[in-house]
Amino acid sequence: MVERPIASKAPELVLETETGATVMNPERDYSVGRDPLSDIVLDDDRVSWHHAVLRPVAGQWTLEDEDSANGTYAGGRRIHEFGVGPGSVIRFGNPTDGPRAVLVGLSRPADRPSAVSRPALTHIFRQPTYVRPLPHKTIRIGRDEDNDLVVDDLLVSRRHAELRAHMDGTYEIVDLGSHNGTYLNGQLVTSALIGTGDIVGVGHSDFCLVGDELQAYVDTGEITLDVQDLTVVVDQGRRTLLDDVSFPVGEKCLLAVVGPSGAGKSTLLNALTGQRPADHGTVLYDGRDLYHDFAELRYRIGLVPQDDILHTQLTVRGALTYAAELRFPQDTAKAERLARVDEVIGELGLEQRCGQAVHSLSGGQRKRVSVALELLTKPSLLFLDEPTSGLDPGMDRSVMHMLRGLADDGRTVIVVTHSVLSLDVCDRLLVLAPGGKVAYFGPPGDALAFFGFTQWPEAFEAFERDRDRDWAGEYLASPFHRHYIADATAQPRLDRDGPFVVAPPPRPRGWVAQLSTLVRRYTSVLSSDRTFLVVMIALPFVMGAMARALAGGELTRRSALNALLILCVGAVLTGSANAVREIVKERVIYRRERAVGLSRSAYLMSKVVVLGLVTVVQSVVLTLVALLGVDLNAPDGRGVLMPPLVEITVAVALLAFTAMMLGLVVSALVRKEEVTMPLLVLLAIVQMVFCGALLHLDGVPGLEQVAWLVPARWGLGAMAATIGLAQVSPGELTSDPLFQHSVGVWLLDVGMLVALSAVYCLLVGWLLRSREPSVMR
């Protein structure tokens, strides 16, 4: 099919009032008024005889007031001529309680309902990027040139979806197993019927059926954000973090959000990005309800947290390359990914730094790399949390000028900051007062004069000192509010009461590919960490040498238990030390990647695979250094099922692996990396106490049951069963039933280690999930 120029035909709409609904044909005008001959009759004294006219103009509907006495209102403000579309709410005669009319898209016949309902608001119609006739056959949508509808977007799979025409004149959208999914009215679908006004989302493109046309809207970045009445309360409604926050953000706008500590800046950021939806109010992304359509729109939102969202051991190019592998479809060619990486490196001026390790960069350069990572997917809306924190004034200004350039290139950029040094480069400034209230919104240069101060420190001191001053009330009554919020808000209000549950993102596709990328990246990170490498290599040799010194040439009555205890402690320290920092130090990175499609299980398995392999190799080295060539004095010189040295090696490896899984539990449980080392010491002590070499545990109520949960109890038991410790070193401690030289006992010990590993793995997954924002669960 051949694309043609944009048609001037407006969409068919339905105008709903309290007295009924009118289907509006785009071939004619519709009059509104008290006159009984009007097309839409409103019997209210506040409505003029001839009040307004709805006209189809240039592909959309326009509402024009006919110089009515009491006015026509949209979005709470009086209008004379205003573009309207599905979801527009209009009041006649009074902005609050005048007769109300709502425009909705023309729905499909009742016997063929849409598979996914739309929110109350979908779009204030922009001009389509292009229009083509609706097909009478199946057309395939994708990135490859052989598709019927080619979408040049790396978020789109090569063969992404099909639009199928049915014999009865209806249409169906079918996903073809795409990487990032196909969406209908913001919700992920595999197949669904679609009709007039429904929005099909594929990557950065939306397709809408209007009459006999397929209209395409490509999100190139020039979008608006409309924040409406955001309210966030906690502690069962006793404390308000955001209080009725509203403001518009235009295309190519750089907005700075400032305010004293505790004013709700971070809460606002979480509400705007969908991580913690507001309890009341909504966020409109170019006219679409961000909360309702979050599963689709999340790919168009970039978020740079205060902490670095990349592995600092990697080079700049390496970090960006791995990120591109995770965010783009599996069928994206390596050359395509590398080309996009080179593009963002050039855009942010990182050409001279691309081969440098991230940790060796200055603070400002690291922030540029974090921004570059987010720009890989070409987000239209970019949020930054304290990007200049800890930077000197020169770097502060450099970062802000970088953001100014990103906005000028066609993005909407919102930066939360404590710094007021470079506010002059911003288009708009939002000042939040304590309690999460809007104290000012407008040009940065007018803010201090509005507050009546000459320096920002004075203003922030006043916020803390004058707690009873009605900062929000003063702004609400000012011309600034009327000009920069009331008169500047283009979108109609979306009336919604109560909290809105954000639809969760889709289940990530390409699990094996994600696991492969994560394993390779994690291996690169560990191999670049010299401290980890030194400890990893030295620890099994040191612990093995200590065990060998105790064992001497053979395991005797005096040396056997102590040698096995050292092996047990060595395995526990080896495994847990490998893992105890590995999740907590990546928490910020994990949360950001999880928000853009990272599989939780793939992330966890990458840790298990890499750390597990390292731990098992260390365990083999530890055991061989300690016992190779030593007479183990096993009964008849044999183990239970295999040669004694092999059985002990298996037991030590399983014990170290289980301890590694326990270390991951600790790492997922704590909030700060600094507390992991004291916990590692505590972990080692608990293992020693409850392993059975220091205390008699069998038959002791309480202690015996606690010891069941301690890996060292079963690891020492398996080693003791192999050599028949009760015969080699008779005594009260060695008479433990778990130390008996029998097949059943050895398999029980080994089996419990496997079971504990599985339990710890499930526990880590649960802890990862519980620490995620609810939208990611």
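Computed from a predicted model, the values in this text were never measured in an experiment.
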Which distance, rounded to the nearest 0.5 Å, do you find between the [atom1] of [X] and the [atom2] of [Y]?
{"X": "E772", "Y": "R594", "atom1": "CD", "atom2": "CZ", "value": "4.5 Å"}
{"X": "S422", "Y": "L403", "atom1": "OG", "atom2": "CG", "value": "10.0 Å"}
{"X": "L188", "Y": "T190", "atom1": "CG", "atom2": "OG1", "value": "7.5 Å"}
{"X": "L382", "Y": "L303", "atom1": "CG", "atom2": "CG", "value": "8.5 Å"}
{"X": "T267", "Y": "L432", "atom1": "OG1", "atom2": "CG", "value": "9.5 Å"}
{"X": "Y30", "Y": "L15", "atom1": "OH", "atom2": "CG", "value": "10.0 Å"}

Any side-chain donor paired with an acceptor under 3.5 Å for [X] and [Y]?
{"X": "Q215", "Y": "Y130", "answer": "no"}
{"X": "S68", "Y": "D65", "answer": "yes"}
{"X": "S31", "Y": "D39", "answer": "yes"}
{"X": "E222", "Y": "T220", "answer": "no"}
{"X": "D175", "Y": "S178", "answer": "yes"}

What is the minimum heavy-atom distance between [X] and [Y], and which atoms define it?
{"X": "Y183", "Y": "A295", "value": "OH-O, 3.5 Å"}
{"X": "L214", "Y": "L163", "value": "CD2-CD2, 4.2 Å"}
{"X": "P329", "Y": "L154", "value": "CD-O, 2.7 Å"}
{"X": "G250", "Y": "C253", "value": "O-CB, 3.1 Å"}
{"X": "T224", "Y": "E251", "value": "CG2-CG, 3.9 Å"}
{"X": "C426", "Y": "P444", "value": "O-CG, 3.6 Å"}

Side chain [X], main chain [Y], donor-acceptor under 3.5 Å:
{"X": "K265", "Y": "V431", "value": "no"}
{"X": "D229", "Y": "D244", "value": "no"}
{"X": "R591", "Y": "V588", "value": "no"}
{"X": "R91", "Y": "T72", "value": "no"}
{"X": "S380", "Y": "I223", "value": "no"}
{"X": "H51", "Y": "G71", "value": "yes"}
{"X": "Y291", "Y": "A278", "value": "yes"}
{"X": "T417", "Y": "S419", "value": "yes"}
{"X": "H80", "Y": "E66", "value": "no"}
{"X": "R404", "Y": "V425", "value": "yes"}

Do [X] and [Y] have side-chain heavy atoms sitting under 4.5 Å apart?
{"X": "F247", "Y": "V249", "answer": "yes"}
{"X": "L184", "Y": "D198", "answer": "yes"}
{"X": "D286", "Y": "L284", "answer": "no"}
{"X": "F294", "Y": "D289", "answer": "no"}
{"X": "I79", "Y": "Y73", "answer": "no"}
{"X": "V371", "Y": "V399", "answer": "no"}
{"X": "R55", "Y": "W61", "answer": "no"}
{"X": "V47", "Y": "N70", "answer": "no"}

Pairs involving residues 79-88, ordered by first then second residue, that meet salt bridge (Lys or Arg N to Asp or Glu O under 4.0 Å) (sequence neighbours left out)
none
Could you walk me through whether M400 and V415 pass side-chain contact (heavy atoms from CB on, under 4.5 Å), step by step?
CA-CA 9 Å; M400 292 301 291; V415 53; 4.2 Å; yes
Would Q306 and V416 count as a side-chain contact (heavy atoms from CB on, under 4.5 Å) if you check the C-alpha gap in whole Å, the side-chain angles of each, and the deciding distance to 0.1 Å?
CA-CA 10 Å; Q306 183 173 349; V416 174; over 6 Å; no
Determine the interplanar angle of the Y440 and F450 rings, folded into 0 to 90°, and report it as parallel if under 30°, tilted if 30 to 60°, perpendicular if over 60°.
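Geometry flag for F450 against Y440: tilted rings.
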Residues E213 and R132 bridged, charged N to O under 4.0 Å:
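R132 and E213: not salt-bridged.
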Please list, chain by chain and in numerical order, all residues satisfying side-chain hydrogen bond (donor to acceptor under 3.5 Å, both in side chains) with [X], sequence neighbours excluded.
{"X": "D44", "result": "R46"}
{"X": "R300", "result": "D206, D219, E296"}
{"X": "E347", "result": "R411"}

Can you confirm whether more than 12 heavy atoms, excluding those of D152, are under 6.0 Å from its CG atom?
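Count not over threshold, so no.
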For side-chain contact (heavy atoms from CB on, under 4.5 Å), just list the numbers for E172 and I194, CA-CA rounded to whole Å, side-chain angles, deciding distance to a tenth of an Å, and then say yes or no.
CA-CA 6 Å; E172 181 183 17; I194 59 176; over 6 Å; no
Walk me through whether Y475 and F441 qualify under ring-ring contact (aromatic ring centres under 6.0 Å, His included).
CA-CA 8 Å; Y475 178 72; F441 179 82; 7.6 Å; no
According to salt bridge (Lys or Arg N to Asp or Glu O under 4.0 Å), who are the partners of R428, at least two apart in sequence or on a separate chain?
none
Please step through side-chain contact (heavy atoms from CB on, under 4.5 Å) for the pair V257 and L430, ending with a clear verdict.
CA-CA 5 Å; V257 181; L430 172 67; 4.1 Å; yes
Only pairs at least two apart or in different chains count here, so list each side chain to side chain donor-acceptor pair (under 3.5 Å) that has a residue in residues 477-486.
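Counting only pairs at least two positions apart or across chains, no side chain to side chain donor-acceptor pair (under 3.5 Å) contact touches residues 477-486.
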Dump the intermediate steps for salt bridge (Lys or Arg N to Asp or Glu O under 4.0 Å) on E593 and R327, then the final yes or no.
CA-CA 8 Å; E593 292 183 339; R327 299 192 183 198; 5.6 Å; no
